[in-house]
**Q** 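Mind looking over this structure? Questions follow.
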Amino acid sequence: MHYQRASVAERRYLPPAVAVSVVAFALRPPVDAERGAASDAAHGSSAATAAPPTMWLPLVRRTRAPFLGEWALPGGPTEWDETLADTAFRTLRAAARRDPRHLEQLYSFGGIERSADAQRLVTIAYWAQYGERELDAEPAREGERPRWREAARDEKRDQDQDQDQGQDQDHEQPPAPRPRRWDDPLPPLSSRVSGDAGAAETAEALEQPAGENVAWFSIDALPQLAFDHAEIIDHAVARLRAKTEYAAVAHRFLGESFTLGQLRAVTEAILGQAVDPANFRRQSLARGGLIDTGELDSGGAHRPARLYRFSEPDRPGAPRTPTQTPPNET
């Protein structure tokens, strides 16, 4: 039953809708991206503008009520054949036009009053990281197959070929059913394509538009946000800062190799405060995980600095699957 067609009494028994929102962090917007007015004024759009390091994220301007004209996180409803992570990838890609380097489930938000006068909505929030390689990549073209799907498909094909070696490969084998994960929701009673009009209307009402309605904002100059998305962003920033204290996450914002000075600048951008260079160098090397490449960065104005890489880098072309968090920890 569609929410808008239900009576007041019937709405009390309708289950909540499920959607995904994504907080995607980057050191800067992509070169072809629009910048929000407040963030552009605070940090400047010129490379020559001196500004403190900060984190940036993409937002989408809403084109329908509620909160018409206000900014919101990329996201949308989970389709009947998608996992929550698939929805996060799809909606973030539609807004940022690029695949993230890292994606991880953040938290679930299901307050009774969070959806204003619309149907109650439970949002599964994710947070993502964009590195220099992803920001410099060519924007994804409409209809282009996502890289994580291509990589997953190739990996599955290689596994099938190894298993079927010696057997007849002249005919195409039907794809194996995709294994379900704990974050894979059960299919709804009706699909968006072939279901009733109510299902299609509900999906369209939840969908976040992209295109010209997308802009990047710094986390210290955010606009007025729709729903409880300010709370979601605060939660994501707190998670990112907490993980920076005990896990190697800052390197994901950089390229494959980096100097300790660059890594410190990222850490300062995440924490929002200055870090003592000597202490940071000593702690970073003592923590382990950094490998001296034997090369020097000669691009700076000062003495060339050593280049490091992380001991377990993200493999180029690897499937962009999220770091799964057990449901009792979200």
**Q** Return the CG to CZ distance between Asn213 and Arg62, rounded to the nearest 0.5 Å.
**A** 11.0 Å
**Q** What closest approach, in Å, do Arg239 and Leu106 show between heavy atoms, and which atom pair accounts for it?
**A** NH2-O, 3.0 Å
**Q** Determine the interplanar angle of the Phe109 and Tyr107 rings, folded into 0 to 90°, and report it as parallel if under 30°, tilted if 30 to 60°, perpendicular if over 60°.
**A**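 If you compare the ring of Phe109 with that of Tyr107, the planes turn out perpendicular.
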**Q** Considering non-hydrogen atoms only, spot the tightest contact between Pro77 and Thr87 and give its length.
**A** O-CG2, 3.5 Å
**Q** Going through the checks in order, is the side chain to side chain contact (heavy atoms under 4.5 Å, CB included) test met by Arg97 and Asp32?
**A** CA-CA 10 Å; Arg97 303 174 65 195; Asp32 60 335; 3.7 Å; yes
**Q** With rounding to the nearest 0.5 angstrom, report the CG to OG1 distance, Asp297 to Thr259.
**A** 6.0 Å
**Q** Can you sort out the partners of Arg264 under salt bridge (Lys or Arg N to Asp or Glu O under 4.0 Å), two or more places apart, ordered by chain and number?
**A** Glu268
**Q** So Glu134 and Glu132, side chain to side chain contact (heavy atoms under 4.5 Å, CB included) or not? Walk me through it.
**A** CA-CA 5 Å; Glu134 289 73 27; Glu132 291 295 325; over 6 Å; no
**Q** How close do Leu263 and His251 get, heavy atom to heavy atom, and via which atoms?
**A**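 Between these two residues, the closest heavy atoms are CD1-N, 3.9 Å.
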**Q** Determine whether Phe227 and Pro66 make a side-chain contact, defined as any pair of heavy atoms from C-beta on separated by less than 4.5 Å.
**A**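 Sidechains of Pro66 and Phe227: in contact.
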**Q** For Tyr130 and Arg98, indicate whether the former's side chain and the latter's backbone hold a donor-acceptor pair under 3.5 Å.
**A**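 Answer holds: yes.
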**Q** Going by an N to O cut-off under 4.0 Å, is there a salt bridge joining Arg282 and Asp276?
**A**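 Salt bridge between Arg282 and Asp276, a charged N being under 4.0 Å from a carboxylate O: no.
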**Q** What I want to find out is whether Glu104 reaches Lys243 closely enough, with some N-O distance under 4.0 Å, to be called a salt bridge.
**A**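 A salt bridge is present here (some side-chain N lies under 4.0 Å from a carboxylate O).
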**Q** Show the nearest heavy-atom pair for residues Pro74 and Thr91, with the distance to one decimal.
**A** CB-O, 4.1 Å
**Q** Taking only distance into account, with no hydrogens and no angle test, what donor-acceptor pairs under 3.5 Å do side-chain atoms of residues 231-238 form with protein atoms, sequence neighbours excluded?
**A**
none

**Q** Where is the tightest heavy-atom contact between Ala24 and Pro58, given as atom of each residue plus distance?
**A** O-CD, 3.2 Å
**Q** If you round to the nearest 0.5 Å, how far is CG of Leu290 from CG of Leu285?
**A**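 Atom-to-atom, Leu285:CG and Leu290:CG are 6.5 Å apart.
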**Q** In sequence, state the C-alpha distance, the side-chain angles, and the governing distance for Arg35 and Trp56, and then conclude on side chain to side chain contact (heavy atoms under 4.5 Å, CB included).
**A** CA-CA 10 Å; Arg35 295 188 180 208; Trp56 292 74; 3.7 Å; yes
**Q** Counting only N and O atoms by type, is there a donor-acceptor contact under 3.5 Å from the side chain of Glu82 to the main-chain atoms of Glu79?
**A**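 Side chain of Glu82 to backbone of Glu79, a donor-acceptor pair under 3.5 Å: yes, one is there.
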**Q** Any side-chain heavy atom of Leu296 within less than 4.5 Å of one from Leu307?
**A** no
**Q** Give the minimum heavy-atom separation between Ala33 and Trp216, together with the two atoms involved.
**A**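 That closest heavy-atom pairing would be CB-CD1, 3.4 Å.
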**Q** Can you measure from CZ (Phe89) to OG1 (Thr83) and round to the nearest 0.5 angstrom?
**A** 9.0 Å
**Q** Take a 6.0 Å sphere around CZ of Arg306 and say whether it holds more than 12 heavy atoms from other residues, nucleotides or ligands.
**A** no
**Q** Any side-chain heavy atom of Phe258 within less than 4.5 Å of one from Tyr308?
**A** yes
**Q** Are side-chain heavy atoms of Ile270 and Phe253 found at a separation under 4.5 Å?
**A** yes
**Q** Just by distance, do the side chain of His229 and the backbone of Ala72 share a donor-acceptor pair under 3.5 Å?
**A** no
**Q** With a 4.5 Å heavy-atom cut-off, do Leu84 and Tyr126 have their side chains touching?
**A** yes
**Q** Are the side chains of Leu240 and Val23 in contact, using a 4.5 Å heavy-atom criterion?
**A** no
**Q** Taking NZ, NE, NH1 and NH2 as the nitrogens, is one of them in Arg28 or Asp136 under 4.0 Å from a carboxylate oxygen of the other?
**A**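 The answer is yes: the pair qualifies as a salt bridge.
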**Q** Apply side chain to side chain contact (heavy atoms under 4.5 Å, CB included) to the pair Leu57 and Leu222, showing each step before the final yes or no.
**A** CA-CA 9 Å; Leu57 53 83; Leu222 293 174; 4.2 Å; yes
**Q** Do the non-hydrogen side-chain atoms of Thr244 and Val266 ever get within less than 4.5 Å of each other?
**A** no
**Q** Is any side-chain heavy atom of Val249 less than 4.5 Å from a side-chain heavy atom of His102?
**A**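 When only atoms from C-beta onward are counted, His102 and Val249 do not touch, as no gap falls below 4.5 Å.
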**Q** State the CG-CD distance between Leu260 and Gln262, to the nearest 0.5 angstrom.
**A**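 Here the interatomic distance stands at 9.5 Å.
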**Q** Kindly compute the distance separating CG (Leu73) from CG (Leu225), expressed to the nearest 0.5 Å.
**A**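 Nearest 0.5 Å value for the CG-CG distance: 7.0 Å.
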